[in-house]
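First the structure, in the form of structure tokens, and then the observations on it.
Atom set for the values below is all heavy atoms of this structure, side chains included, hydrogens, waters and symmetry mates excluded.
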Amino acid sequence: MGNGFSTQDIPNLDGKTYLVTGANTGIGYQTALYLAKNKGKVILACRSAEKATAAINAIRTELKTLGAEHDAQLDFIELDLGSLSQVASAARSVVAKGEKIDVLVNNAGIMMCPYRLTQDGLESQFGTNHMGHFVFTMLVLPVIPKKTGRIVNLSSLAHFYPYSFGLGTLEQVFVDPAAPEPADGAKHPSEAIYTPTGSYGASKLCNVLFTKYLAAKQPHLRVYAVHPGYVNTELQRNIKDAYGGIVGVAANAVSSIIAKRPVDGARTTLAAATSPLLDQDPPMAPSGSYFVPYGKVTEASAFAKDTALQQRLWEMSVEIVRKALGEETVKEIERNVAQTE
């Protein structure tokens, strides 16, 4: 596969089902498009039925333009990664249908936005990019086939950013609704340390830490992290609000000149999701690998490979689930992890 995986290298995916979060735009849309083009069934997980329906209609139209002769199998579920209760409900609805998910692509995310909290009191980049996908993944685990199933987590080269602190504490990513309000003029610890770039990098570090931890805990699944490259997508839309108009305009101008097209950004995701080389025995790359454009395996950051840090993120994530969703959901996750066969 090396550096050269392209959309032409995707095999026939007939009979396989793929679930892609954030599939209505950017890399997620292109991922869904090419999975469908190669006869995979694709479930688009989007924040609203309106967004998903528009994407499905666009994919059908584009497939005709690309010359596809088959009827694309496209479905959707509503998924709001900013609400852990909605995420849990969506995941359970997938499991209740009993349909296997051959590959879960955790693609959705936000980038470098101003400080804000999710519905659960989580710093939004950590809450959306890591915790939403953590809950969804752990609750749909029962329908991902052991031995053949794959989980692909979109990370970023930005996971190297937070080298000075590695991973924050619970208080730096979570504002407990029951905690007293800070004194006048004071900020909660999560806001006091917040920078759009640093927090984005930390959330992307979490994606790789989670990948490597899950790969170790689920030896009969294949779990990969992906850096898609610098891609011109809607992710840049928050930079103007976070850093000001001049920076936002400059970032958009740079993106339009040097950034990859979304279809090229999707190539590494598609490699991790579909490459037959990963089905070999032994596979081209072991579970837990970190991919960069275009399908090349390379070393993740030292922090991402730190097993103690992986364990700490797991414990922090479980504690957040306990606070937001209750002990029964924690037990459900523990049962799902225990079912490795």
Side-chain angles (χ1 to χ4, degrees), residues 7 10 13-66 68 70-84 86-111 128-129 132-137 139-141 143-145 149-154 207 224 226 228 231 233-235 237 261-263 265-274:
T7 55
I10 303 170
L13 306 176
D14 192 20
K16 292 190 174 183
T17 299
Y18 298 79
L19 193 155
V20 183
T21 70
N24 59 290
T25 188
I27 294 171
Y29 174 86
Q30 294 295 330
T31 300
L33 171 67
Y34 280 93
L35 292 172
K37 180 178 183 293
N38 289 275
K39 299 186 178 181
K41 177 178 178 180
V42 185
I43 301 172
L44 291 78
C46 307
R47 278 186 295 177
S48 70
E50 180 182 8
K51 290 178 181 292
T53 300
I56 287 172
N57 291 338
I59 288 172
R60 293 192 189 282
T61 299
E62 196 160 355
L63 287 179
K64 291 180 181 178
T65 303
L66 292 171
H70 64 283
D71 291 328
Q73 300 179 72
L74 299 166
D75 201 353
F76 74 88
I77 60 166
E78 184 176 339
L79 180 68
D80 180 0
L81 293 168
S83 167
L84 296 185
Q86 197 283 326
V87 169
S89 177
R92 289 173 179 138
S93 73
V94 171
V95 174
K97 291 180 179 179
E99 181 178 20
K100 67 181 175 65
I101 304 298
D102 293 285
V103 182
L104 169 62
V105 180
N106 289 321
N107 164 84
I110 57 176
M111 184 177 83
T128 301
N129 297 347
H133 282 127
F134 173 85
V135 171
F136 190 75
T137 300
L139 295 182
V140 300
L141 210 55
V143 295
I144 301 176
R150 302 185 193 184
I151 298 170
V152 180
N153 296 318
L154 261 73
N207 295 147
Y224 307 111
V226 166
V231 184
T233 71
E234 288 187 7
L235 271 181
R237 65 186 179 272
R261 299 174 303 156
V263 63
R267 284 166 57 186
T268 305
T269 298
L270 290 164
T274 72

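- Contacts of Tyr18 classified as ring pair (Phe, Tyr, Trp, His ring centres under 6.0 Å), with partners at least two apart in sequence or in another chain: none.
- Glu62 meets the side-chain hydrogen bond (donor to acceptor under 3.5 Å, both in side chains) test with Tyr29; sequence neighbours excluded.
- By the side chain to side chain contact (heavy atoms under 4.5 Å, CB included) test, Ala45 pairs with Leu19, Thr21, Ile77, Leu79, sequence neighbours left out.
- A donor-acceptor pair is defined here as one N or O able to donate and one able to accept, closer than 3.5 Å; no such pair exists between the side chain of Gln30 and the backbone of Ala266.
- Atom CG of Leu66 is separated from atom OG1 of Thr61 by 11.0 Å, given to the nearest 0.5 angstrom.
- For residues 19-45, the set of pairs meeting the salt bridge (Lys or Arg N to Asp or Glu O under 4.0 Å) definition, not counting sequence neighbours, comprises Lys41-Glu99.
- For Ser93, there are no side chain to side chain contact (heavy atoms under 4.5 Å, CB included) partners, not counting sequence neighbours.
- Between Asn107 and Gly28, the shortest heavy-atom contact is ND2-CA, 3.3 Å.
- Between Asn207 and Leu154 the shortest heavy-atom distance is OD1-O, 3.1 Å.
- Take Asn38 and apply the side chain to side chain contact (heavy atoms under 4.5 Å, CB included) test, not counting sequence neighbours, and it matches Ile10, Leu13.
- Screening residues 100-109 for salt bridge (Lys or Arg N to Asp or Glu O under 4.0 Å) gives Lys100-Asp102 as the qualifying pairs, with residues at least two apart or on separate chains.
- Closest of all the heavy-atom pairs between Ala55 and Ala23 is CB-O, 4.2 Å.
- Taking the salt bridge (Lys or Arg N to Asp or Glu O under 4.0 Å) definition, one finds that Arg60 meets it with nothing, sequence neighbours left out.
- When all heavy atoms of Leu44 and Ala52 are compared, the pair lying nearest together is CD2-O, 4.4 Å.
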### Message
As a quick check of understanding, evaluate side chain to side chain contact (heavy atoms under 4.5 Å, CB included) for Tyr34 and Thr274, giving each step before the final call.
### Response
CA-CA 10 Å; Tyr34 280 93; Thr274 72; over 6 Å; no
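- For Thr137, the side-chain hydrogen bond (donor to acceptor under 3.5 Å, both in side chains) partners two or more places apart in sequence, or in a different chain, are Asn106.
- Nearest heavy-atom pair, Ala273 versus Val105, reported as atom, atom and distance to 0.1 Å: CB-CG2, 4.4 Å.
- With rounding to the nearest 0.5 Å, the separation of CG in Leu35 from CD1 in Ile43 is 11.5 Å.
- Considering Ile56, Ile59, Val20 in turn, Val20 is the only one that fulfils the side-chain contact (heavy atoms from CB on, under 4.5 Å) rule with Val42.
- The CG atom of Leu139 sits 9.0 Å away from atom CZ of Phe134, with the distance rounded to the nearest 0.5 Å.
- Taking all atoms of both residues into account, the shortest heavy-atom contact from Ala72 to Ala36 is CB-CB, 4.3 Å.
- The side-chain hydrogen bond (donor to acceptor under 3.5 Å, both in side chains) check on Asn129 picks up Ser203, with sequence neighbours excluded.
- Although no hydrogens or angles enter the test, the distance criterion places a donor-acceptor pair under 3.5 Å between the side chain of Gln86 and the main chain of Glu78.
- Between Asn24 and Phe76 the shortest side-chain heavy-atom distance does not fall below 4.5 Å.
- Here Tyr224 contributes atom OH and Ile151 contributes atom CD1; the two are 11.0 Å apart, rounded to the nearest 0.5 Å.
- Partners of Glu50 according to the salt bridge (Lys or Arg N to Asp or Glu O under 4.0 Å) rule, which considers only residues two or more places apart in sequence or in another chain, do not exist here.
- Under the rule for a side chain to side chain contact (heavy atoms under 4.5 Å, CB included), the partners of Ala68 that lie at least two apart in sequence or sit in another chain are Leu63, His70.
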